[in-house]
Participant: 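My questions will all concern the structure given below.
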Amino acid sequence: MGDQGNAYIACQAADKIATFGVWIKRNPLNYSVPLILVQFSLISITSMLIDICLRPLGQSSMVTQIFGGMLLGPSLLGHKGSIGRLLFPPRGALTFVTGATFGLMFFFFAIGVKADPMKMIRPGRQAAVLGISAMFVTLALTLPLSFILIRYVPMDGTLAESLPFIAASQCLTPFPNISCLLTELKMSNSDLGRIAVSASMLCDIIGITLVVILLSILQANFNPLQSVVGIIAAFLFVVFLVYIIKPLLLRILRRIPHGKSVGENYIIGTFTCVLVVGVISELIGQHFVLGPLVLGLMVPEGPPLGTALISKLDIPVGKIFYPIYLTTSGLKTNIFKIHLQSLWICLSIVLFSCIVKIGAVVLSSRYLRINFQDSFVIGLMMNARGICELIVYNLWKDGLLLTDQEFSIIVIALIGVTAIITPLIKFMYDPSEQRVPLKRRTIQHAKQDAELRILVCLQNQDNVPTIINILEASDATEESPIAVIAVLLEEVVGRANPLLVSHQSTRILQPSNSKSSHIINALRQYELCNERCVTVQSFSAISHAETMHEDICRVALDQNATIVILPFHKHWEIDGSIGLVNRSIQTMDIKVLEKAPCSVGILVDRGTLTGSMSILNTQSIYRVAVIYIGGPDDAEALYYGSRMGRHNNVTLTLVRYLLFGSDNARERKQDNILMDDVRQAHNGNQNFIYQEQLVKDGVGLTASLRALENNYDLMIVGRNHQASQILMGLSAWSECQELGVVGDILASTDIGSTASVLVVQQQRLPGGKLMSRMMKPVIVSLETGVDASVTGAVTTPVSSDDAKWEIAIDRDRD
C-alpha cells in the first residue's frame with residue numbers, strides 16, 4: 001500500500017472475502033465480509049447511542065449520525081491511527097462506500113416516490129414567492145461576499161479557490177432536507193411546514209438543473225463542446241423518463257383492480273429499473289442519483305405501487321443505508337486539518353447566508369401578509385441542511401475542488417446550522433397552539449337556532465349507518481340546520497407529505513367503486529333527504545397515522561365545527577366479539593381530545609350487532625339514552641341528547657345518577673338548573689323520559705348500567721365527571737382512558753350491551769381547563785320555540801303530566 005498525499009493505493013487479496021471462522025487462527029477484520037459487517041454494526045450502534053444522548057436536546061437524527069462518523073473517524077477515536085487502521089482500513093473503504101452509496105440511490109428513489117411532482121410545477125403563489133426570493137437573494141448576496149473576502153482577507157490558496165463554490169451552495173433549499181426535518185419534528189401537517197415544503201420543491205427544479213449543468217462542465221474538464229453534449233444528454237434522459245416511462249407505468253397500473261395490492265413482479269421490476277437508470281446516469285456523466293430520483297417522481301404516489309415500494313424500502317434504506325452514508329461524511333471529517341483563519345472565513349459565509357435567507361423570507365412574507373414570527377420560522381425551515389449538501393460536498397471533494405480542510409469545515413458548519421435551527425423551530429412554533437378558537441364551540445353554549453356544525457371522521461364503510469342515524473337524529477330543521485363536515489381517514493405510507501383533499505360539493509350521486517365514493521354518496525343521500533336543512537362537505541385526509549390528528553384539528557378550526565365525532569379503535573364483529581383493534585386510531589383519538597378546538601365525541605359503534613334500521617327514510621324509532629352524573633362533559637352530552645329528543649322518531653331517556661343517602665342539594669344546584677331546563681324544553685314531549693337512579697358506590701353504578709343493556713340504540717355520556725363517591729374505585733379498572741370511567745364500562749364486552757356509545761368531551765380552553773358550565777344554557781322549547789333562559793324558566797321546576805319521571809333506588813346492597 002502506497003501513500004501519495006491524500007491518495008491511497010490499496011491492495012486486497014482476491015481470496016480474502018470470508019474468514020470461515022476464527023478457529024483456524026485468522027483475523028476476521030482482514031476479510032471483506034466480516035469487516036463491512038463490523039463497520040455497519042459499529043456505526044449503527046454508535047449513532048443510536050449518540051441519538052439517545054442528544055434527543056433530549058432536540059437534535060435531529062442527521063446531526064447524531066454525522067457526529068457518530070466523526071467520533072469513529074480521524075477527528076476523535078481514529079486520530080492516533082490504531083483504531084482507524086483496525087476498523088476502517090483503506091483496503092475496506094471501497095466496499096464500505098459502495099454499500100452506502102448503493103443505499104443512497106434507493107433513498108433518493110424513495111424520496112421521488114413520496115414527492116408530489118405537481119408541486120414542483122404549480123407550487124402556489126406563497127411557495128413560489130418565498131422559494132424564489134430565498135434562493136436567488138441568498139445567491140446574489142453571498143457569492144459577492146466570497147469574492148470580497150478573497151480579495152481583502154488573507155487565506156489559503158485552496159480555500160480561495162473553493163470559497164465561491166461553498167458560497168453558491170448556501171442558496172440550495174432541497175426538498176429532502178426539509179421533508180426529513182419536518183417529519184422528525186412532526187410538523188409535516190402544519191401550515192408553515194406545507195409552505196416550506198412547497199417552496200423547497202420549486203427550488204429543487206432550479207437546484208437540480210444547476211447541478212446537472214455544473215456536473216456536465218466538470219466532467220468535460222471545462223471543454224465547451226463536451227459540456228453542451230453532456231447537458232443535452234441529461235435533458236434527453238429526463239424527457240425519456242417523463243414521456244416514455246411514466247405513461248408506461250400508468251398503463252401497467254390501470255390493469256390492477258381497484259383495492260388490490262401490486263404483485264411482487266411489479267416491485268422487482270421497478271427496483272431493477274432503478275439500477276438501470278442509475279447506470280445510465282453515470283454513463284451520461286451525471287451523478288448516479290439523478291435517474292432514480294426522476295424515476296421516483298414518475299411513479300404515482302400512494303397506493304397501490306407507491307405504498308408498496310416505500311414499505312419495502314423504509315427499513316433497510318431509510319434506517320440503515322441512508323444513515324451509513326451520512327456517517328461516511330463524518331468519517332472523512334478531520335478537525336485537525338482545520339486552520340482557525342479558514343474556519344472563521346467559512347463560518348462567516350455560512351452565517352451570513354443563513355441570515356440573508358431568513359431576511360429574504362421575512363421581507364417577501366410582508367407582501368404575502370404572513371406575520372413576522374411565522375415568516376421567521378419558515379426561514380429557519382428553509383435553512384435546513386442535510387443529505388443533498390453532503391452529496392455535493394463529497395462530489396467536490398472527489399473532484400479536488402475541496403481539500404480535507406474545506407470539507408471538514410463545511411461538514412462542521414452543516415452540523416452546527418442544523419443543531420441550532422432544529423430546537424429553535426420547536427421552541428418558536430407549536431402547530432397545536434395555532435388552533436385556538438376565538439369563541440366557545442360547544443353545543444351547550446350555542447346560540448338559539450344556531451347552525452350545528454358536526455365534523456365526522458370515517459375510517460371505513462362500516463361506520464356509515466350509525467353515523468347517518470346520529471346525524472339524522474340530531475334534528476336538522478330550517479330554523480336550526482346542520483352542516484356536516486366529513487373527513488375520510490386514510491393512512492398512507494408512500495408519500496413524503498400529507499394530503500388534504502376537498503371533494504367536489506354536489507348533490508348528484510357519483511357512480512364509483514372506490515371506498516371513499518361509497519361513503520360520500522351515502523352522506524349525499526342524507527343531504528338529499530334533508531334539503532334546505534343539511535349541507536355536506538367532504539374531505540379526505542391522506543396522512544401518516546402519527547400526524548392525522550393535525551388534519552382533523554385543522555379542518556375543525558377552519559370549518560368552525562361545534563363537535564368532532566371520532567371512531568373508536570375497536571371494531572365489533574357480528575357475534576359480539578372484538579375483531580380489529582387499531583392502536584393508531586386510539587392514539588389519534590387521544591391527541592384530538594387534547595388539542596381539538598371544539599367539543600369531541602368518540603363513537604363506539606355496535607351497529608353491526610343489531611343491524612338496526614336507518615331512521616332516514618323510515619318511521620322506526622331510534623332510542624337514545626343520556627347518562628348524567630355531573631360535570632361539563634356530562635352537560636355537553638345532556639344538551640346534545642336534548643337536541644336529539646326534538647326529533648319525531650327519537651325517544652330520549654335522561655338517566656341521572658345520585659348518591660344514595662347524601663343531602664348535597666347545594667352542590668347539585670347547577671345540575672338541578674340544567675335538569676329543569678331540559679325538562680322544560682321537552683314539556684309535552686311524549687317521547688321524553690326522565691329517571692333518577694340512586695346508587696351507593698361504583699358497584700351499584702356498574703350494576704345499574706348493566707340493567708340498561710339492550711334497551712337503547714345509542715347511549716350518550718360525558719368523558720369526565722365531577723368527583724363523586726359514585727365513581728370510587730372504578731378508574732383503576734378502566735381499560736380505555738380516552739372513554740372515561742363510565743364510557744369504558746358501557747364500551748366493555750363484559751356488559752353485553754348492543755347499544756352504540758357516544759362519549760363526549762366539552763371544549764377545553766388553552767391550558768387544559770374545561771369550559772365553564774355556569775353560563776346560562778340555551779334551550780329551545782318544543783312548544784313555544786322560545787329560548788328558555790330568556791323566559792325565566794331557568795330556575796322553574798317543571799311538572800307535566802305528559803313527560804315521564806321515574807326514580808329508581810339501589811336497595812339491593814347494605
Participant: By the ring pair (Phe, Tyr, Trp, His ring centres under 6.0 Å) test, which pairs, at least two apart or in different chains, include something from residues 105-128?
Facilitator: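 Passing the test, one end in residues 105-128: Phe102-Phe106, Phe106-Phe271, Phe107-Tyr322.
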Participant: Tell me whether Asp204 contacts the main-chain N or O of Phe175 through its side chain, where contact means a donor paired with an acceptor under 3.5 Å.
Facilitator: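 Looks like yes, one N/O pair under 3.5 Å.
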Participant: For Ser133, check side-chain hydrogen bond (donor to acceptor under 3.5 Å, both in side chains) against everything at least two apart and list the hits.
Facilitator: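 Ser133 satisfies side-chain hydrogen bond (donor to acceptor under 3.5 Å, both in side chains) with Ser364 only.
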Participant: Starting at CG of Leu71, measure out to CD1 of Ile50 and round the result to the nearest 0.5 Å.
Facilitator: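 Here the interatomic distance stands at 5.0 Å.
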Participant: Evaluate side chain to side chain contact (heavy atoms under 4.5 Å, CB included) for Cys171 paired with Lys357, printing each intermediate quantity in order.
Facilitator: CA-CA 8 Å; Cys171 74; Lys357 188 175 289 186; 5.6 Å; no
Participant: How long is the straight-line distance from CD1 of Ile409 back to OG of Ser162, given to the nearest 0.5 Å?
Facilitator: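 Separation between the atoms: 8.5 Å.
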Participant: Would you indicate whether the side-chain heavy atoms of Leu172 and Leu210 approach each other to under 4.5 Å?
Facilitator: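 Side-chain contact under 4.5 Å: no.
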Participant: With rounding to the nearest 0.5 Å, note down the distance linking CD in Gln126 to CD1 in Ile370.
Facilitator: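 Answer rounded to 0.5 Å: 4.0 Å.
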Participant: Using 0.5 Å steps for rounding, measure from the CD1 atom of Ile324 to the OG atom of Ser329.
Facilitator: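 Ile324 atom CD1 to Ser329 atom OG measures 12.5 Å (nearest 0.5 Å).
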Participant: Is the shortest side-chain N to carboxylate O distance from Lys426 to Glu184 below 4.0 Å?
Facilitator: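 No salt bridge links Lys426 with Glu184.
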Participant: Which pair of non-hydrogen atoms, one from Met381 and one from Leu192, has the smallest distance, and what is that distance?
Facilitator: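 Of all heavy-atom pairs spanning Met381 and Leu192, the closest is SD-O, 3.9 Å.
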Participant: In chain order, what residues pass the side-chain hydrogen bond (donor to acceptor under 3.5 Å, both in side chains) check against Glu161, with sequence neighbours excluded?
Facilitator: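 Expected list: none.
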Participant: Is the shortest side-chain heavy-atom distance between Met105 and Val274 below 4.5 Å?
Facilitator: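 The answer is yes, as the side chains (C-beta and beyond) meet within the 4.5 Å cut-off.
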Participant: Testing the basics here: between Leu250 and Pro300, what is the closest heavy-atom pair and its distance to 0.1 Å?
Facilitator: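 Shortest heavy-atom separation between Leu250 and Pro300 comes out as CD2-CG, 3.5 Å.
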Participant: Can you confirm whether Ser60 sits close enough to Val63 that some side-chain heavy atom of one is under 4.5 Å from a side-chain heavy atom of the other?
Facilitator: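 Counting from C-beta outward, Ser60 and Val63 do come under 4.5 Å.
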Participant: For Val417 and Arg385, which heavy atoms make the closest approach, and how far apart are they?
Facilitator: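 In terms of heavy atoms, the two residues are closest at CG1-CG, 4.0 Å.
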Participant: Kindly say whether Thr98 contributes a backbone atom to a donor-acceptor pair with the side chain of Thr101 at under 3.5 angstrom?
Facilitator: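 Flag set: sc Thr101 to bb Thr98 pair under 3.5 Å.
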Participant: Give the intermediate values and the outcome of side chain to side chain contact (heavy atoms under 4.5 Å, CB included) for residues Val242 and Met298.
Facilitator: CA-CA 7 Å; Val242 174; Met298 299 303 103; 3.9 Å; yes
Participant: Looking at Tyr325, Phe40, Phe321, which one forms a ring pair (Phe, Tyr, Trp, His ring centres under 6.0 Å) with Phe96?
Facilitator: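 The single option meeting the ring pair (Phe, Tyr, Trp, His ring centres under 6.0 Å) with Phe96 is Phe40.
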Participant: If I compare all heavy atoms of Leu145 with all of Phe352, which pair ends up nearest, and what's the gap?
Facilitator: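 It is CD2-CD2, 3.4 Å.
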Participant: Any side-chain to backbone donor/acceptor pair from Glu282 onto Gly278? Under 3.5 Å, distance only.
Facilitator: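 Such a contact is absent between Glu282 side chain and Gly278 backbone.
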Participant: When you measure from the side chain of Ser146 to the backbone of Leu143, do you find a donor-acceptor pair of N or O atoms at a distance under 3.5 Å?
Facilitator: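 A pair under 3.5 Å: yes.
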Participant: State which residues pass side-chain hydrogen bond (donor to acceptor under 3.5 Å, both in side chains) with Glu389; sequence neighbours excluded, sorted by chain then number.
Facilitator: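 With sequence neighbours excluded, Glu389 shows a side-chain hydrogen bond (donor to acceptor under 3.5 Å, both in side chains) to Asn177, given in chain and number order.
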Participant: Quick one: OG on Ser47 to CG on Leu72, what's the gap to the nearest 0.5 Å?
Facilitator: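 If I round to the nearest 0.5 Å, the distance is 7.5 Å.
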Participant: Donor-acceptor check, side chain of Thr46 to backbone of Ile43, threshold 3.5 angstrom: yes or no?
Facilitator: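 No: the side chain of Thr46 does not pair with the backbone of Ile43.
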Participant: Is there side-chain contact between Leu395 and Val211, with heavy atoms separated by less than 4.5 Å?
Facilitator: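 Contact flag for Leu395/Val211 side chains = no.
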Participant: To the nearest 0.5 angstrom, please state how far the CD1 atom of Ile421 sits from the SG atom of Cys354.
Facilitator: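 Reported value, rounded in 0.5 Å steps: 7.5 Å.
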Participant: Indicate yes or no for a side-chain donor-acceptor contact from Thr422 to the backbone of Ala419 under 3.5 Å, with no hydrogens or angles considered.
Facilitator: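 Answer holds: no.
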Participant: If we only count heavy atoms from C-beta on, is the Leu414 to Ile66 side-chain gap below 4.5 Å?
Facilitator: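 A side-chain contact exists here, since the closest heavy-atom pair is under 4.5 Å.
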Participant: Check whether any side-chain N or O of Thr173 sits under 3.5 Å from a backbone N or O of Ser200 as a donor-acceptor pair, and report yes or no.
Facilitator: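 Here the side-chain-to-backbone pair does not exist.
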Participant: Would you mind writing out the side-chain donor-acceptor pairs for residues 285-296 within the sub-3.5 Å range, not counting sequence neighbours?
Facilitator:
| residue | atom | partner | partner atom | Å |
| --- | --- | --- | --- | --- |
| Gln286 | NE2 | Val212 | O | 3.4 |
| Gln286 | NE2 | Ser216 | OG | 2.8 |
| His287 | ND1 | Val289 | N | 3.2 |

Participant: Show, in sequence, the C-alpha distance, side-chain angles and deciding distance for Phe136 and Ile206, and conclude whether the side chain to side chain contact (heavy atoms under 4.5 Å, CB included) test is met.
Facilitator: CA-CA 10 Å; Phe136 287 102; Ile206 304 172; 3.8 Å; yes
Participant: Do you know the tightest heavy-atom contact between Leu202 and Ala128?
Facilitator: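 Heavy atoms of Leu202 and Ala128 come nearest at CD2-CA, 3.5 Å.
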Participant: Can you find a pair of side-chain heavy atoms, one from Arg194 and one from Leu182, that are under 4.5 Å apart?
Facilitator: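 Not touching, per the 4.5 Å side-chain cut-off.
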Participant: Whether Asp404 and Lys397 form a salt bridge (side-chain N of Lys/Arg under 4.0 Å from carboxylate O of Asp/Glu) is what I want to check.
Facilitator: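 Looking at Asp404 together with Lys397, the answer is yes, because their closest N to O distance falls below 4.0 Å.
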Participant: Are the side chain of Thr333 and the backbone N or O of Met70 linked by a donor-acceptor pair below 3.5 Å?
Facilitator: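 Not confirmed, Thr333 side chain does not pair with Met70 backbone.
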Participant: Should the heavy atoms of other residues, nucleotides or ligands under 6.0 Å from CG of Asp398 be counted, would the total exceed 12?
Facilitator: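 Correct, the count exceeds 12.
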Participant: Do Ser179 and Met201 come close enough that some side-chain heavy atom pair is under 4.5 Å?
Facilitator: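 The answer is no, as the side chains (C-beta and beyond) never meet within the 4.5 Å cut-off.
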Participant: Do side-chain atoms of Lys337 reach the backbone of Thr403 as a donor and acceptor pair under 3.5 angstrom?
Facilitator: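 The answer is no, because no donor-acceptor pair under 3.5 Å joins these two groups.
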Participant: Could you check whether Asp374 and Ser365, counting side-chain N and O atoms only, form a donor-acceptor pair closer than 3.5 Å?
Facilitator: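 There is no such pair (donor and acceptor under 3.5 Å, judged by atom type) between the side chains of Ser365 and Asp374.
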Participant: Is there a donor-acceptor pair under 3.5 Å between the side chain of Thr142 and the backbone N or O of Ala167?
Facilitator: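 Side chain of Thr142 to backbone of Ala167, a donor-acceptor pair under 3.5 Å: no, none is there.
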Participant: Carefully, step by step, assess Leu305 and Val113 under the rule side chain to side chain contact (heavy atoms under 4.5 Å, CB included).
Facilitator: CA-CA 9 Å; Leu305 184 58; Val113 173; over 6 Å; no
Participant: Identify the two heavy atoms, one from Pro176 and one from Ile111, that lie closest to each other, and give their separation to 0.1 Å.
Facilitator: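 Shortest heavy-atom separation between Pro176 and Ile111 comes out as CG-CG2, 3.8 Å.
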Participant: Of all residues at least two apart in sequence or in a different chain, which pass the side chain to side chain contact (heavy atoms under 4.5 Å, CB included) check with Ala413?
Facilitator: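 Per chain and number, Ala413 pairs via side chain to side chain contact (heavy atoms under 4.5 Å, CB included) with Leu347, Val350.
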Participant: Quick one: are Leu130 and Ser198 in side-chain contact, heavy atoms under 4.5 Å?
Facilitator: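 Side chain of Leu130 against side chain of Ser198, heavy atoms only: no contact under 4.5 Å found.
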